[in-house]
Number of protein chains: 2
Amino acid sequence: MSVTLRTVAERANVSLSTASRALSGSPLISEGTRAVVDQAASDLGYRPNRAASALRSKRSHLIGLVLNNLVNQSFHTIADVIQRRLRSEGYQLILSTTDADPRTEESLLLTLADHGVDGVIIIGSGQSAATTNDFLHRGMAVVNVIRSSHDSLAPTVLAADRDGAYEATEHLASLGHRRIGYIGGIESADSGRARHSGYEDALARHGIPYDESLVLRGPFTQDFGALAATELLARSTGMTALFAANHEAVFGILPVLMQHGMRIPDQLSLVCFEDMPLLQMWHPAVTVIDNGATQLAELSVDLLLSQIRAIVSEGVTPERLRRLTRTYRVGSQLVARASTAPPAPAFAVSSPRKARS
Amino acid sequence: MSVTLRTVAERANVSLSTASRALSGSPLISEGTRAVVDQAASDLGYRPNRAASALRSKRSHLIGLVLNNLVNQSFHTIADVIQRRLRSEGYQLILSTTDADPRTEESLLLTLADHGVDGVIIIGSGQSAATTNDFLHRGMAVVNVIRSSHDSLAPTVLAADRDGAYEATEHLASLGHRRIGYIGGIESADSGRARHSGYEDALARHGIPYDESLVLRGPFTQDFGALAATELLARSTGMTALFAANHEAVFGILPVLMQHGMRIPDQLSLVCFEDMPLLQMWHPAVTVIDNGATQLAELSVDLLLSQIRAIVSEGVTPERLRRLTRTYRVGSQLVARASTAPPAPAFAVSSPRKARS
DNA sequence: CTGTTAGCGCATTCAC
DNA sequence: GTGAATGCGCTAACAG
């Protein structure tokens, strides 16, 4: 009933294999026959059957993306970008969310393999290395993003969490702040740990003592942000600047600052991690560390596609796998806007130095 | 090399077909053999090859989701919900974004068909009815969401845009407001048109004359929101309430209101369309019309799955197709929060006082 | 360069 | 209930 490759071949008066080769752009086909076959195909409105093609060739033109959820700004940005890039390369994206549950993640990965995905991009728990390494050995491409996995043989694309946090803190210190509050993520999260140590390092570099009473770390939720901001404002810490390093918490922090009538940046300078439209339009516009979600996604796709190409040409060799294992960092970027300024002399704890250049 | 159904059959000492039937839960299999086959399968760690299964049975267990982008709050909420529901039913989601371009949409739909998706959920341009109707005739399930398509035979799930806008306006009017500003979407968008007419109707119902100078309609962008809010505040309209019916614009409107030191709800009552975390945490918390994105997604999946079941049992019959074509509305909900109050008589028309510190 | 042949792994006839 | 046989649509040897 429907038009298959056979129909096209008959119409073009060539064999099945010639038709197949012509349509898949094989080099060993004369220009003439290619034209004839192409014509026949378009006349008939031929569409290839991907399932058949995948069964035979082991290439489904499907890529799996595994991540926690789509609510987080960076996550849906990444999903959006990856999907666009892949489509332009002839791939489709199977999207799967895990809610950060390792068991769900594991089961999802296996299901993706059932569907014969050519590769997987995973923002994972770090606990599925055995499975994804097996994927690699079976000729699937794998890329880890945002979260690393120690035992994974696949390349990993990470955000520059430590450096970004360092830069944020440094920015504030350079403006003359010495009482810099920090609201961040939990220690058990890679990003939470890395950002906190960037904060610590920058303080040390500027000879500013680390003060626990200025630091609050907790879950990636709006509620925590609200709580933490309220708490920090309540304490008499002499805080003149705040670094919000927990993205989800920002949604709780901003309303609280506003509610307390904090004048930004006069009373309090503010830097947030991860840019978003809201922060640009805020009054005043908020200085941020842009973590480069778009670039993370782009690089991931690049690494995935180059793996797929290598698998096609070289196959699965130990040497190739060895070359694969590498960590990439996408640099973050300080976007200075109106929410940061030198501390108001009257409120500053120490005498304001001139910011060094 | 890898373990296939044949391996399982051999291990269980049954034929290929028996193994197949046992694993797919066919009723004409004895309990004993089923147990043996199941055991063999799990011993071997058997995983079915979906491509082969799809090729043979025409069921891929893949569903396509077509939408504009993942940035819009409602869109990624819907994608998230749909994906979860489908996974729990044994389906995987192929996600495709169109940027609202009908040509991209068309090509995407065809590609999804190439992959043999069992069904498609589409937030579309309304211009792909011919294609999706063809899908229906070919035994694929189709559901339109959020945007209707006049010629589509598939069921359509819509948000209650008019009623929601009516309710929002009514809420303000009931509080005593008579100068109610409106920032909405363009007339050419279904939702833009529907919400505007809900606004008009509610005004009429309360005997409030429609005043063009209070109404600004434009594209679904943050920039438009900022512009529109600035403009409305600049005009001397005596506006005491504002209905922000353009979701994307809200991100522009809020900062401008804040920037101008508008006291909400004292000087201005505010209602927004489409709820989100930020609005709950705003100070004051913003009254919204919740459009029920989650419910829209849930209902869409229900309709899709029931179609798939019907196709399996009844096949593609004209009667079934006729029964299919139906529009569903997910009611919206007014969530009254702190941003709406009766107009303050003394300040209603006078110029804003100094912003509080 | 092109045609012939042979399956990929599975679900589903049809017999028994 | 179970097995044997067939082919879904396509790609990839293998010849020529």
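Because only heavy atoms are used, hydrogens play no part in the values below, and waters and symmetry mates are left out as well, while side chains stay in. Chain letters run A, B, ... following the sequence lines, proteins first and then strands; every chain starts at 1.
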Quiz item: Tell me, do A:Val301 and A:Leu304 make a side-chain contact under 4.5 Å, heavy atoms counted?
Solution: no
Self-check item: B:Arg47: side chain to side chain contact (heavy atoms under 4.5 Å, CB included) partners, not counting sequence neighbours
Solution: A:Leu110, A:Thr111, A:Asp114
Practice problem: Would you tell me whether B:Ser17 and B:Ser15 have side-chain atoms, one donor and one acceptor, within less than 3.5 Å of each other? | Solution: yes
Quiz prompt | Nucleotide range of DNA chain C lying under 4.0 Å from chain A heavy atoms | solution = C:dC1 to C:dG9
Practice problem: Could I get the full list of salt bridge (charged side-chain N to carboxylate O under 4.0 Å, His left out) partners for A:Arg6, not counting sequence neighbours? | Solution: A:Glu10
Exercise. Identify whether any heavy atom of B:Leu5 sits under 4.0 Å from a base atom; if not, whether one sits that close to sugar-phosphate; answer base, sugar-phosphate or nothing.
Key: sugar-phosphate
Quiz item: Do A:Thr33 and A:Ser30 have side-chain atoms, one donor and one acceptor, less than 3.5 Å apart?
Solution: yes
Quiz prompt | B:Arg326 side chain reached by B:Thr156 side chain, heavy atoms, under 4.5 Å | solution = no
Quiz item: Excluding sequence neighbours, so at least two apart, what forms salt bridge (charged side-chain N to carboxylate O under 4.0 Å, His left out) with B:Arg147?
Solution: none
Quiz item: Listed in order of residue number, which residues of residues 36-47 of chain B have a non-hydrogen atom at under 4.0 Å from DNA chain D?
Solution: none
Exercise. Check every strand shown and say whether A:Ile29 touches a base, only sugar-phosphate, or nothing at a heavy-atom separation below 4.0 Å.
Key: sugar-phosphate
Quiz item: Which residue lies toward the 5' end of DNA chain D, B:Arg34 or B:Leu55, if each is placed at its nearest nucleotide?
Solution: B:Arg34
Practice problem: Only counting residues at least two apart or in another chain, list the ones meeting salt bridge (charged side-chain N to carboxylate O under 4.0 Å, His left out) with B:Arg87. | Solution: none
Quiz item: Side-chain donor-acceptor pair under 3.5 Å between A:Ser152 and A:Asn144, yes or no?
Solution: yes
Exercise. Go through the steps for B:Glu298 and B:Arg84 under the test salt bridge (Lys or Arg N to Asp or Glu O under 4.0 Å), then give the verdict.
Key: CA-CA 10 Å; B:Glu298 299 275 9; B:Arg84 285 164 204 279; over 6 Å; no
Quiz prompt | Contact interval (first through last nucleotide) of DNA chain D with protein chain A, 4.0 Å heavy-atom | solution = D:dG9 to D:dA13
Practice problem: Nearest-nucleotide wise, let me know which of B:Ala52 and B:Ser30 is further upstream toward the 5' end of DNA chain D. | Solution: B:Ser30
Quiz item: Quick one: salt bridge (charged side-chain N to carboxylate O under 4.0 Å, His left out) partners of A:Asp43, sequence neighbours excluded?
Solution: A:Arg11
Self-check item: Stretch residues 11-28 of chain A: residues that reach within less than 4.0 Å of DNA chain C through a heavy atom
Solution: A:Val14, A:Ser15, A:Ser17, A:Thr18, A:Arg21, A:Leu28
Atom pairs and distances, donor-acceptor, side-chain atoms in residues 89-98 of chain B, under 3.5 Å, two or more places apart:
from, atom 1, to, atom 2, distance (Å)
B:Thr97, OG1, A:Gln83, NE2, 2.5
B:Thr98, OG1, B:Leu67, O, 3.4
B:Thr98, OG1, B:Ala100, N, 3.0

Quiz item: Can you list the residues that meet the ring pair (Phe, Tyr, Trp, His ring centres under 6.0 Å) rule with A:His76, with sequence neighbours excluded?
Solution: B:His76
Exercise. Would you please say whether a donor-acceptor pair under 3.5 Å links the side chains of A:Asp190 and A:Ser148?
Key: yes
Quiz item: Which angle, rounded to 10°, do you find between the first-five-pair axis and the last-five-pair axis of the helix from C:dC1-D:dG16 to C:dC16-D:dG1?
Solution: 30°
Exercise. Please tell me if the side chains of A:Ile63 and A:Val117 come closer than 4.5 Å, counting only heavy atoms from C-beta onward.
Key: no
